[in-house]
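In this chain, numbering begins with 1 at the start of the sequence shown. Values reported hereafter were calculated over all heavy atoms of this structure, with side chains retained and with hydrogens, waters and symmetry mates removed.
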Amino acid sequence: MEISVQYYRAYGLNIASEVPLPHLAETQSGKPDLFISRGNIPPSPPLEPTKVYRAGLNARFAQDAEGKCWLVWPPLLSFLMVNENQLVLEADEVDADTLSLFTLSEALGLILFQKGYFLLHGSAIQINQKGVLFLGQPGAGKSTTVAAFSQKGVKVVCDDLVCIRINSSGRPSLIPAFPQIKIWESAVEGLGIEKKDLASVREGVNKFAWTEADSFDEHEVPLEQIFVLEPPLESGNPMHPVAKSQVPIELLNHFPLPDGLLNGTALKDYFEKSIEVANAISVVRMNRPANFQTLYDFVEYLKTTL
């Protein structure tokens with residue numbers, strides 16, 4: 001059977017893929033930065049549990065002395081990452097939407113990590129040509145916050161996997177991902193988004209994908225501000241700067257990939273990049289808005305002050 005290859009753009013990469021990735025912008029064929037293929041994956045070194053969950057499944061991870069990485073969600077599917085530019089997927093009887101969901105998450109993140117980018121788990125927007133990043137534990141409201149900004153005409157840069165390039169001067173920039181936000185049903189209802197405009201997400205029956213392709217911009221955005229979202233307070237949204245000395249520890253808490261990657265020179269490099277981020281921008285801890293009206297108030301505040 002002939003295998004079809006399609007070409008896409010995401011995170012500044014030209015991607016050739018045997019796996020359909022409908023959420024990505026299609027491009028003309030050309031020399032790819034990444035090739036995604038389907039095939040049989042060789043046995044891995046011993047797999048270790050990770051903190052990574054996708055569709056309720058806990059991922060397992062292994063890495064060999066040559067730098068090849070295995071990311072496995074038993075019994076569903078497996079990925080192998082090779083040479084910063086090859087991603088091999090092995091799966092049986094898995095629907096196309098699920099394959100795309102898993103491919104565009106931590107699996108693609110491993111390729112970006114191998115290429116030397118600084119990665120975080122969060123959501124980001126662009127206001128007045130400046131990048132704003134929201135971090136927080138699962139359920140903190142990152143995607144909901146970004147969706148509220150999008151409703152008010154603010155461009156979304158990325159949701160879930162955040163890719164940052166740090167230039168030779170130590171300045172960080174956000175590399176746009178692709179135009180999709182994943183939000184829970186309660187947020188859909190609270191924000192007044194029409195469900196007919198959404199697609200369900202395999203991760204949960206009450207989670208939806210909202211695509212804002214018309215306003216998506218592929219240009220890098222200088223990172224200006226990071227907000228760490230915490231549980232809401234009825235009395236307001238107090239903001240507290242995070243001390244520069246604590247920023248690397250804070251950012252490490254939001255590393256989106258298996259912790260097994262962060263050892264030796266990779267751990268040293270990650271901390272050095274986090275120090276550069278701390279020196280370049282401010283990081284603020286804030287209690288997220290307690291309701292949707294105060295969330296919209298925060299949107300307007302940031303639009304006029306940044």
Heavy atoms only: give me the nearest [X]-[Y] pair and the separation to one decimal.
X	Y	result
Pro45	Ala62	O-CB, 3.7 Å
Pro179	His23	CD-O, 4.1 Å
Val52	Asn58	O-ND2, 3.1 Å
Arg38	Val19	CG-CG2, 3.7 Å

Run the numbers on Thr294 and Asn291 for side-chain hydrogen bond (donor to acceptor under 3.5 Å, both in side chains), then give the verdict. CA-CA 6 Å; Thr294 54; Asn291 55 57; 3.1 Å; yes
Hey, is Glu230 close enough to Arg288 for a salt bridge, meaning N to O under 4.0 Å? no
Donor-acceptor pair, distance only, cut-off 3.5 Å: does the side chain of [X] make one with the backbone of [Y]?
X	Y	value
Gln151	Leu191	yes
Asn14	Arg9	no
Glu90	Ile41	yes
Ser150	Val146	no

For Leu112 and Leu13: C-alpha separation, side-chain torsions, deciding distance, then whether side-chain contact (heavy atoms from CB on, under 4.5 Å) applies. CA-CA 9 Å; Leu112 295 170; Leu13 301 178; 3.8 Å; yes
Please find out if less than 6.0 Å separates the ring center of Trp73 from that of Phe102.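 Yes: the rings meet the under 6.0 Å criterion.
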Kindly state whether the ring of Phe113 and the ring of Tyr270 have centres lying under 6.0 angstrom apart.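 Centroid distance Phe113-Tyr270: not below 6.0 Å, so no.
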Is Leu76 reachable from Leu89 through a run of I, L, V, M, F, W or Y residues, each pair having side-chain heavy atoms under 4.5 Å apart? yes
Please check if Leu87 and Phe178 belong to a single hydrophobic cluster, counting links between Ile, Leu, Val, Met, Phe, Trp and Tyr side chain heavy atoms closer than 4.5 Å.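 Yes, Leu87 and Phe178 fall within the same hydrophobic cluster.
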Set out, in order, the CA-CA distance, both residues' side-chain angles and the distance that settles salt bridge (charged side-chain N to carboxylate O under 4.0 Å, His left out) for Glu48 and Arg60, then state yes or no. CA-CA 5 Å; Glu48 299 290 339; Arg60 295 181 175 271; over 6 Å; no
Determine whether the side chains of Asp95 and Thr98 contain a donor N or O and an acceptor N or O closer than 3.5 Å. yes
Under a 4.5 Å cut-off applied to non-hydrogen side-chain atoms, are [X] and [Y] in contact?
X	Y	answer
Lys51	Asp259	yes
Gln225	Lys130	no
Glu220	Leu174	no
Leu21	Gln6	no
Cys69	Gln63	yes
Phe292	Thr144	yes
Leu302	Phe149	yes

May I have the step-by-step check of side-chain contact (heavy atoms from CB on, under 4.5 Å) for Met239 and Arg285, ending in yes or no? CA-CA 6 Å; Met239 301 182 189; Arg285 195 182 306 279; over 6 Å; no
Quick check: are there more than 12 heavy atoms from other residues, nucleotides or ligands sitting under 6.0 Å from CG of Asn40? no
Taking everything shown except Lys268 itself, do over 12 heavy atoms lie less than 6.0 Å from its NZ?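 No, because the 6.0 Å sphere around NZ of Lys268 holds 12 heavy atoms or fewer from other groups.
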Cation-aromatic face contact Lys182/Phe208, 6.0 Å, 45 degrees: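 Judged by the rule (NZ or CZ under 6.0 Å from the ring centre, within 45° of its axis), Lys182 is not positioned above Phe208.
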Phe298 and Phe134 aromatic ring geometry - parallel, tilted or perpendicular at 30°/60° bounds: perpendicular
Under the side-chain contact (heavy atoms from CB on, under 4.5 Å) criterion, do Ile164 and Ile175 qualify, and how do the steps go? CA-CA 6 Å; Ile164 297 173; Ile175 299 179; over 6 Å; no
side-chain contact (heavy atoms from CB on, under 4.5 Å) assessment of Val277 paired with Ile226: CA-CA 10 Å; Val277 171; Ile226 294 178; 4.1 Å; yes
